[in-house]
2 protein chains.
Amino acid sequence: MSTTVPVKAAKISLEIVEILRERNGAGVSEIARAVDKPTSTVHDHLQTLEQEEYLVKEGTEYHVSTRFLQLGNQARSRKKVYEIARPEVDELAEKTGEHANLMIEEHGLGVFLYKARGPDAVQLDTHAGMRVPLQTTALGKTIMAFRPRSEVESYLDRHGMPEITERSITDREELFETLDQVRERGYAYDDEERVKGMRCLAAPITDQDDRAIAAVSVSGPKSRMQGDRFSEEIPEQILRSANVIEVNLTYS
Amino acid sequence: MSTTVPVKAAKISLEIVEILRERNGAGVSEIARAVDKPTSTVHDHLQTLEQEEYLVKEGTEYHVSTRFLQLGNQARSRKKVYEIARPEVDELAEKTGEHANLMIEEHGLGVFLYKARGPDAVQLDTHAGMRVPLQTTALGKTIMAFRPRSEVESYLDRHGMPEITERSITDREELFETLDQVRERGYAYDDEERVKGMRCLAAPITDQDDRAIAAVSVSGPKSRMQGDRFSEEIPEQILRSANVIEVNLTYS
DNA sequence: CGCCCCTGTCCGATAATACCGGAAAGGTTT
DNA sequence: AAACCTTTCCGGTATTATCGGACAGGGGCG
């Protein structure tokens, strides 16, 4: 049944905020339909959120306010791995020319913490803060490969294995076999599993106990991500970057 | 009268989140003291927020989660001025070597939307999303100078004129005189009004009706921000940048 | 070691208050 | 100008947020 929480009102407010994010703003009745509540109720929530400055009202439309920027920054800057990995990810993007990313796991989902665009990078739909099921990216698979099976199971229990594209892994056993390979190989790849035409290579950032803290990746169009570059050059680069980050993490 | 809102529970939840941001995480009882509510109540809110994935629990401490990153990004990216001004602000930082900033007004406060660090930039406490009273920065004063007096009055009514440093403007009439000068001069400056040892120059980005949409600035240590550089070179550069942004804004 | 005190968590009763229906006011379209 | 859609306002009712109190887990100190 649909999660019962102690403070329902807060949950509704947050649902409303989330809808405003997805739709890039909306009016009272539109939101009311989306959350399936009377307009008067939604109106109450909107007023509170606006008075508290978490929403901005433009005419009759409400939008999320920049207040969240501060919260997001705080959430990110707390992460030591973010501060330390950032220059490395920048360098990775610079050297490969492609997109380079940093992902962590949170609440069983993969969260893009940082994205660097290399000189040749193509337009991409990822953005900082974006949340995706772990098994749908090379980043996420790398993280799972270096976590205890029981934990991985709980991630899957929580969020299922949705079929994002036709290539998505939707079978548990198949996933765990893949993870075994990743662990053996030391890095993971993704061949059009999330975005058509895109390939991705990812390496884990682990702690002393070989547990994944995060993962770094390089992703680009299939045309450029093949041959030796895909099987050797770039893997070497991301593995080296990941290693540098690990070392810097321990000395700080 | 401490603002009465329709949905008090939501307000409390948000207060808790804000406290977690300020303190970079905290435990139940610490928060309870801060919001002056029983621990049991706070506990209820924390559980809801964590279940909804807006907080992360690490041991017994709660922290804001990266979920806010997405919301913050959305809030910022919606702003056309952000997308368009960003490269200009980067260039400004590059050319002057100092910090360059972009600010907008929201709910009567100044919000730093973007910050670029030039090659010589010194460490600074500003960060994206930071909110400050408008009259405490050159950025804010520029924005106010190009808004109708009635509106400016309402900003002041709402947030007062706190004495951040000994140099803060705390008198209304004095402020409006300053704003007159800014309007005449076309740009504003700030001489250690917010941060000791720092000077700042700011130019407005206005719309067709000469109303401020945002402001750009360059700020650096007093030692470098003086003489012709302070009174001519940099003012020229920020005014030119602001102008480029205005033009790009209208053609898009 | 054992006590104490400060944590976080759980529970249930009660009073507060979030919620909702309904009605009014403002806008738009036909 | 009327029908329709908004958003806003209001007040009664029943839901539910709140809070005291009780329980449990540590950590520190004597």
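We name chains A, B, ... by the order of the sequence lines, and we start the count at 1 in each one. Hydrogens, waters and symmetry mates play no part in the numbers below; they use all other heavy atoms, side chains included.
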Determine whether R131(A) and E53(B) satisfy the following criterion, side-chain contact (heavy atoms from CB on, under 4.5 Å), listing intermediate values before the conclusion. CA-CA 11 Å; R131(A) 291 142 51 91; E53(B) 309 187 356; 2.7 Å; yes

Is there a side-chain hydrogen bond (donor to acceptor under 3.5 Å, both in side chains) between S168(B) and Q135(B)? Walk through the geometry before answering. CA-CA 8 Å; S168(B) 304; Q135(B) 68 276 6; over 6 Å; no

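- Separating the CG atom of L46(A) from the P atom of dC19(C) is a distance of 12 Å, rounded to the nearest angstrom.
- Backbone-only engagement by S29(A) is indicated by non-hydrogen atom pairs under 4.0 Å involving sugar-phosphate atoms exclusively.
- Residue H43(A) places its side chain closer to dT7(D) than to any other of dT7(D), dG22(C), dT16(D).
- Residue K57(B) places at least one side-chain N or O closer than 4.0 Å to OP1 or OP2 of dT9(C).
- The side chain of T60(A) places an N or O atom within less than 4.0 Å of a non-bridging phosphate oxygen (OP1 or OP2) of dT7(D).
- In summary, R149(A) and E153(A) engage in a salt bridge, as defined by a charged side-chain N under 4.0 Å from a carboxylate O.
- One interatomic measurement links the two molecules: CG of D36(A) to P of dC19(C), which rounds to 14 Å at whole-angstrom precision.
- Summarising the geometry, the separation between CD1 on I31(B) and P on dT9(C) is reported as 11 Å, rounded to the nearest angstrom.
- Taking atom NE2 of H45(B) as the reference point, atom P of dT17(C) lies 11 Å away to the nearest angstrom.
- Using a cut-off of 4.0 Å between Lys/Arg side-chain N and Asp/Glu carboxylate O, D157(B) and R172(B) are scored as salt-bridged.
- dT18(D) atom P lies 9 Å from atom CD1 of I16(B), rounded to whole Å.
- The side chain of V7(A) approaches dT18(D) more closely than any other nucleotide in the set dT18(D), dC19(C), dC19(D).
- The D44(B) side chain lies nearest to dC19(D) when the options are dC19(D), dC20(C), dC10(C).
- Sequence order on DNA chain D of the closest nucleotides to K8(A) and E30(A) puts E30(A) first from the 5' end.
- Taking only side-chain atoms of S40(A), from C-beta outward, the nucleotide of dC19(C), dC20(C), dG21(D) with the closest atom is dC20(C).
- Closest contact between the side chain of V28(A) and the listed nucleotides dC19(D), dT6(D), dT7(D) involves dT7(D).
- The side chain of T41(B) places an N or O atom within less than 4.0 Å of a non-bridging phosphate oxygen (OP1 or OP2) of dC19(D).
- If you find the closest nucleotide of DNA chain D to T39(B) and to Q47(A), the one lying nearer the 5' end belongs to Q47(A).
- Not a single donor-acceptor pair under 3.5 Å links the side chain of E58(B) to the backbone N or O of E61(B).
- Distances shorter than 4.0 Å separate some side-chain N or O of R33(A) from OP1 or OP2 on dT6(D).
- In the set dT18(D), dT8(D), dC19(C), the nucleotide with an atom closest to the side chain of Y62(A) is dT8(D).
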